[in-house]
Amino acid sequence: MTFVWTALGVVLVVGIGLVAWGARPVSPPAEDATSRRRTMQTQVGAVLVVVSLGAFVVAYLTAPWP
């Protein structure tokens, strides 16, 4: 089970990193292509964050507590 928690933590950190990286301001000369790429990175990061947090909640609620 430790591997699952570690993997979910890594996915969460990568997702937060993608959201933070995609939220950086875009320089005016490369606005179009860079803006589209960063939007995609932000969306992928948001999906990773939601999936990992959802998996954390499910794992927490279904864990066998003493």
Side-chain angles (χ1 to χ4, degrees):
M1 191 66 179
T2 303
F3 173 74
V4 173
W5 292 110
T6 305
L8 286 176
V10 168
V11 170
L12 180 63
V13 168
V14 168
I16 291 172
L18 281 173
V19 170
W21 182 265
R24 294 181 332 153
V26 179
S27 60
E31 218 168 281
D32 244 2
T34 305
S35 179
R36 276 181 279 160
R37 185 174 60 241
R38 292 223 178 128
T39 299
M40 179 62 77
Q41 288 171 344
T42 303
Q43 290 173 346
V44 169
V47 168
L48 289 176
V49 168
V50 168
V51 167
S52 63
L53 287 178
F56 271 126
V57 169
V58 168
Y60 178 79
L61 293 176
T62 59
W65 297 104

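All values below were derived from every heavy atom in this structure, side-chain atoms included, with hydrogens, water molecules and symmetry-related copies excluded. Owing to the predicted nature of the structure, the values given are computational and were not obtained by experimental measurement.
- Interatomic distance, L8 CG to F3 CZ, rounded to the nearest 0.5 Å: 9.5 Å.
- Residues V19 and V10 fall into different hydrophobic clusters, defined by Ile, Leu, Val, Met, Phe, Trp and Tyr side chains chained together at heavy-atom separations under 4.5 Å.
- When the side chains of ILVMFWY residues are joined at heavy-atom separations under 4.5 Å, either directly or via intervening members, W5 and V49 end up in a single hydrophobic cluster.
- Residues W21 and R38 share a closest heavy-atom pair of O-CD, 3.7 Å.
- Shortest non-hydrogen contact noted between G9 and F56 is N-CZ, 3.7 Å.
- In summary, of the residues considered (L53, V51, L48), a side chain to side chain contact (heavy atoms under 4.5 Å, CB included) with V11 occurs for L48 alone.
- Inter-residue side-chain proximity for L18 and T42 is flagged as unmet; no heavy-atom pair is nearer than 4.5 Å.
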